[in-house]
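Right, one structure below, let's go through it.
Ligands are counted one by one from 1 in listed order, and the atoms in each one are counted from 1 as well. Heavy atoms only: backbone and side chains are in, while hydrogens, waters and symmetry mates are out.
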Amino acid sequence: MDRQAEKSALQIRVDGVEIRLVRLPLLEPFETSFGKIDSRLIFLICLSAEGLRGWGEVVASEKPLYSYETAGTAFHVIKDFLAPAVLDEPLISLQDLAKRFAPFRGHNMAKAGLELAYMDLLAQVNKQSLSTLIGGERKQIAVGVSLGIQPTPAQLLKRVERYLSLGYQRIKLKIKPGWDIEIVDEVRRAYPNILLSVDANSAYTLADADHLRKLDDFDLLMIEQPLQSDDIVDHAKLQRLLQTNLCLDESIIGLRQAQAALDLESCRIINIKIGRVGGYSEALAIHDLCAARDIPVWCGGMLESGIGRAHNIALASLRGFTLPGDISASSRYFAHDLISPEVTVASDGTVAVPDAIGLGFEVELGFIERQTETRVYLSRK
Ligand code: OSB
Ligand code: MG
């Protein structure tokens, strides 16, 4: 694909890397097969250069449950390794940045936070929207909602009804052993025709194949990450036993894993999260691979603030994102978001892709300042 971001030969000399940890209470607790949270510790990166500020978000959680990374590990890796690599010499391109990070193994979410901030900066320097910078074509993107495990099935049904009435195009149910077949059956009976999917966040093993096969009765759009987070082989075995399409999330930590999963037929759909794969460079490569092989992709979410969400909206504007993303309205997560205007979902279940420069949203610095728990500024030697 011909991309502005990959041709740019502009030099950007970064003056400083600011890290801010900002706590945002969630309007409702979010429960998955690996635990429940009431607030989100938002990890912001702000790169300053040429009088501009570029914003990114590190999506790591406080506990190493979804992935081994945490806000603490990201802080260490950014402060001691990644920020010095950014500050060392002027940045030439996204590939230049990715190349500087490549020797450091893992820590994809930490790397992605800096790549996001760099791309916001580059878009501003070019006077372009992020979507235009990466070659996005959609003016609106289709969105769905990811519904956590609820105390009762009745509470889940109430939430399904609420988000459908708000226009969301797809409902995703978090499942785990004991909260799976029966609740999917109830939701499907109440709504025979909606786009419905489930996400197990690795709560099963291949030994549960017979149990998981019962999900074939509910005409699901996909079953997301049923098996272990580092597995590609057992998912291929499971996919052969199921009619329903499998989608991988946790297992796809980069282009190589995406290639392996498609070669082995471990899934028929891929969830792309910029943080999980280490940034835009890898997310774009996975998008292009899937587009070339006719594999649908969609943009996953990590309960981001509006800053991370603005990047997700730009990513999902690429042509290959043909399925609704986990990109919900700000008001689905927080009483007050970090950007204005906040992200809204239209009654047809779409989010508008902004065409203003950079993120396309104002960053609410005053509010961020009031919510900041930790601030560290790293500058050039
Ligand atoms: O597995 O997709 C996931 C949230 C945190 C960690 C992992 C996941 C999720 C979600 C929420 O499903 C998606 C969102 O609305 O941001
Ligand atoms: Mg998932």
Side-chain angles (χ1 to χ4, degrees), residues 24 26-43 57-71 108-109 112 141-150 156 159 162-163 166 168-176 196-204 220-231 235 245-253 261 267 269-277 297-313 315-316 323-334 337 342-343 345 349 351:
L24 288 182
L26 288 169
L27 288 170
E28 282 191 349
F30 190 75
E31 184 172 346
T32 63
S33 62
F34 50 72
K36 182 168 164 179
I37 55 167
D38 299 299
S39 71
R40 190 76 169 98
L41 185 67
I42 302 290
F43 189 133
E57 181 167 341
V58 175
V59 298
S61 310
E62 287 169 84
K63 297 180 185 170
L65 300 175
Y66 170 82
S67 77
Y68 68 83
E69 287 189 86
T70 65
N108 282 354
M109 295 175 180
I141 56 171
V143 301
V145 68
S146 169
L147 297 179
I149 293 162
Q150 303 293 324
L156 178 65
R159 278 161 185 76
R162 182 201 300 165
Y163 288 101
L166 291 169
Y168 286 87
Q169 295 188 25
R170 180 270 287 141
I171 300 288
K172 164 171 137 184
L173 308 175
K174 291 290 189 180
I175 59 167
K176 66 176 183 181
L196 185 63
S197 68
V198 296
D199 183 359
N201 288 112
S202 305
Y204 302 89
L220 297 175
L221 181 61
M222 70 188 85
I223 302 171
E224 184 179 342
Q225 195 72 39
L227 311 182
Q228 289 89 336
S229 66
D230 61 354
D231 172 77
H235 280 100
N245 293 332
L246 294 185
C247 167
L248 290 178
D249 173 354
E250 283 91 328
S251 296
I252 307 298
I253 55 172
C267 63
I269 298 175
I270 288 181
N271 161 334
I272 302 183
K273 291 180 179 169
I274 316 179
R276 193 195 64 226
V277 304
V297 301
W298 56 283
C299 182
M302 290 292 292
L303 309 175
E304 290 93 342
S305 80
I307 291 174
R309 197 170 312 282
H311 286 281
N312 289 345
I313 293 168
L315 184 72
L323 293 171
D326 276 346
I327 303 176
S328 303
S330 300
S331 60
R332 178 256 185 288
Y333 309 93
F334 312 114
D337 206 339
E342 43 174 55
V343 175
V345 173
V351 167

When only distance counts, is [X] in polar contact with ligand 1, meaning an N/O pair under 3.5 Å?
X      : result
Ser328 : no
Asp199 : yes
Leu303 : yes
Tyr66  : no

Could you check whether any side-chain N or O of [X] sits under 3.5 Å from a backbone N or O of [Y], counting only pairs where one atom can act as donor and the other as acceptor?
X      : Y      : answer
Thr70  : Lys63  : no
Ser202 : Leu227 : yes
Arg309 : Glu304 : yes

Validation row: [X], [Y] side chains within 4.5 angstrom (heavy atoms):
X      : Y      : answer
Leu26  : Phe334 : yes
Lys174 : Phe30  : yes
Leu24  : Tyr333 : no

Between Lys176 and Glu31, is there a salt bridge with N-O shorter than 4.0 Å? yes

Within less than 4.0 angstrom of ligand 1, does Glu224 place any heavy atom? yes

Residue-level breakdown please: for [X] versus ligand 1, do any non-hydrogen atoms fall below 4.0 Å on the side chain, on the backbone, on both, or on neither?
X      : result
Lys174 : side chain
Val145 : neither
Asn201 : side chain
Glu250 : neither

The Mg ion (ligand 2) to Asp199: nearest N/O/S atom name: OD2

Of the N, O or S atoms in Asp249, the one nearest the Mg ion (ligand 2): OD2

Any atoms of ligand 1 less than 4.0 Å from a non-hydrogen atom of Asp249? List them with their elements.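 Once the distances to Asp249 are compared, the set is 1 (O), 2 (O), 3 (C).
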
What atoms in ligand 1 come closer than 4.0 Å to a heavy atom of Lys273? 1 (O), 2 (O), 3 (C), 7 (C), 8 (C)

Name the residue from Glu69, Lys273, Glu57 that meets the side-chain contact (heavy atoms from CB on, under 4.5 Å) definition with Met109.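 Passing option: Glu69.
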
Tell me, which protein residue and heavy-atom name are nearest [atom], and how many Å apart are they?
atom                    : answer
atom 13 (C) of ligand 1 : Gly301 O, 3.5 Å
atom 6 (C) of ligand 1  : Met302 SD, 3.6 Å
atom 15 (O) of ligand 1 : Tyr333 OH, 2.6 Å

What heavy-atom pair brings Ala71 and Leu41 nearest, and what distance separates the two atoms?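 Scanning both residues, the minimum pair turns out to be CB-CD2, 4.1 Å.
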
Run Arg170 and Trp298 through side chain to side chain contact (heavy atoms under 4.5 Å, CB included) and show every step you take. CA-CA 12 Å; Arg170 180 270 287 141; Trp298 56 283; 3.5 Å; yes

Any N/O/S atom, side chain or main chain, of Glu224 closer to the Mg ion (ligand 2) than 2.8 Å? yes

Residue among Arg159, Arg332, Gln150 satisfying side chain to side chain donor-acceptor pair (under 3.5 Å) with Glu28: Arg159

